[in-house]
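Note that the numbering runs from 1 along the sequence shown for the chain. Counting convention: from 1, in listed order, for ligands and their atoms alike.
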Amino acid sequence: MTTARKYVLESQFQGEPKRSDVKIVEEKLPPLNDGEILAEAVWLSVDPYMRPYMRRFKAGDTMIGTQVAKVIESKNEKFAVGDYVVGAFGWRTKTISNGEKLSKLDRSMYTDKKLSSALGVLGMPGATAYFGFLELCTPKAGETLVVSTAAGAVGSIVGQIAKIKGCRVVGFAGSDEKVGYIKGLGFDEAYNYKTITSLKETLQKACPKGIDMFFDNVGGDFYDTVLPLMNEFGRVSICGCISQYNLEKPEQGARLSGTILFKQLKIEGFIVHRWLARWPEAFKEMNGWIEKDQLKYNETVTEGFDNMFDAFAGLFTGKNLGKAVVKA
Ligand SMILES: NC(=O)c1ccc[n+]([C@@H]2O[C@H](COP(=O)([O-])OP(=O)(O)OC[C@H]3O[C@@H](n4cnc5c(N)ncnc54)[C@H](OP(=O)(O)O)[C@@H]3O)[C@@H](O)[C@H]2O)c1
């Protein structure tokens, strides 16, 4: 009999997630039935969405999440032992699956070195950057983009896609190291939002022709400050609002309907699964950019399943540069 380990909620998160909110338990897995596979986690993803989404779950439920796993036993003809799959198995070391909703990784793209990218640039966060920016911001060469959490998994890719499209890119991140990183990626301007004295004045200086596109990962005050500086017919892609995820109630904000009305702004929120059927198209194009060195990505790797919670909590204190992944 196989034993799996998994993280379950011990109690609902209150404020910043704490290690005592989750615990690791063991689970005995039965022998496989026909049509099933046994998969072992190789890379696990920690993502900001887990914080708000776990509100829907109760104590004892398994932490949600996606992983790259290796098929170690198979009674399903579509999957062979040794195949790698991406599955929404949660925070667990071994999983029995009937193969539904699994994507088998094409090893010509996801080579040994790039397996973890299936959770990052060539995975959900990459698709988020690609479609959330291109479809909703509809960039034109010469336009100015502002992007928040610009050194993160999504933001760092958005900024680079905007550069590929000929835009001027202004990014904000939470440390000088991150600012140096995104400048190295080709961002035109980059600022540490924790040390600037005035976000409004910084934006005015960095965007002398105003802001045409805003890709927001943060929400809160950041959003309230950027919006009035948008140009007429500006486009705003609401990707995330991480500044609000640990709050029991969202903060009260500015009343911006006048700005939205008179500037004729287009503001749209999205969940990346809207474009699920088109993700392969994004990965193909982005992989091409990676191979031509036009698109770079970084991963912050946490070693060991037992340290997975620290990787998750680190998302809310800015510990990651690029995509946060856990090596099982
Ligand atoms: N709509 C969708 O379908 C979709 C899909 C994926 C992700 N998202 C959203 O996109 C955003 C970025 O996700 P990601 O995976 O790329 O994460 P990420 O940017 O790689 O990591 C999170 C980063 O957020 C910043 N942060 C944490 N707490 C903050 C706070 N209170 N105020 C301001 N910044 C804070 C930190 O960077 P700094 O050090 O720079 O502060 C941290 O490194 C999140 O809001 C996420 O929920 C949305």
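Taking any N or O of Lys194, backbone or side chain, none lies under 3.5 Å from an N or O belonging to ligand 1. Checked against a 3.5 angstrom limit, the closest N/O atoms of Asn217 and ligand 1 fall inside it. For Val154, a nitrogen or oxygen atom sits less than 3.5 Å from a nitrogen or oxygen atom of ligand 1, counting backbone and side chain alike. For ligand 1, the polar-atom distance check finds an N/O of Ala153 within less than 3.5 Å of one of the ligand's N/O atoms. Close N/O approach between Cys239 and ligand 1 is found [any backbone or side-chain N/O within under 3.5 Å]. Considering both main-chain and side-chain atoms, Val272 comes within under 3.5 Å of ligand 1 through a nitrogen or oxygen pair.
The contact set between ligand 1 and Gly240, taken as ligand atoms under 4.0 Å from a residue heavy atom, comprises 9 (C), 45 (O). Remark: ligand 1 atoms within the under-4.0 Å shell around heavy atoms of Gly152 are 18 (P), 19 (O), 20 (O). Shown in contact with Gly322 at under 4.0 Å from a heavy atom are these atoms of ligand 1, numbered in order with element: 20 (O). Residue-ligand proximity, Ala173 to ligand 1, at heavy-atom distances under 4.0 Å covers atoms 40 (O).
Closest protein heavy atom to atom 34 (N) of ligand 1: Tyr193 OH, 3.3 Å. Regarding atom 37 (O) of ligand 1, its nearest protein heavy-atom neighbour is Lys178 NZ, 3.4 Å. Regarding atom 28 (N) of ligand 1, its nearest protein heavy-atom neighbour is Phe316 O, 3.7 Å.
With Tyr53 as the aromatic partner, Arg56 meets the cation-pi criteria of under 6.0 angstrom to the ring centre and within 45 degrees of the ring axis.
Here the shortest heavy-atom distance to atom 5 (C) of ligand 1, taken over Thr317, Thr128, Asn320, belongs to Thr128. In this comparison of Tyr245, Tyr49, Phe215, Tyr53, the heavy atom closest to atom 47 (O) of ligand 1 sits on Tyr245. Comparing Thr300, Ile271, Asp47, Thr149 by heavy-atom distance to atom 25 (C) of ligand 1, the nearest is Thr149.
The line from CG of Asn298 to OH of Tyr181 is 4.5 Å long, rounded to the nearest 0.5 Å. From Ile64, atom CD1 reaches atom CG of Asp47 across 9.0 Å, with rounding to the nearest 0.5 Å.
Using a cut-off of 4.0 Å between Lys/Arg side-chain N and Asp/Glu carboxylate O, Arg274 and Glu135 are scored as not salt-bridged.
By the criterion of a heavy-atom distance under 4.0 Å, neither the backbone nor the side chain of His273 is placed next to ligand 1.
Heavy-atom distances between Cys241 and ligand 1 reach below 4.0 Å in at least one pair.
When ring centroids are compared, Phe222 and Phe172 come within the 6.0 Å threshold.
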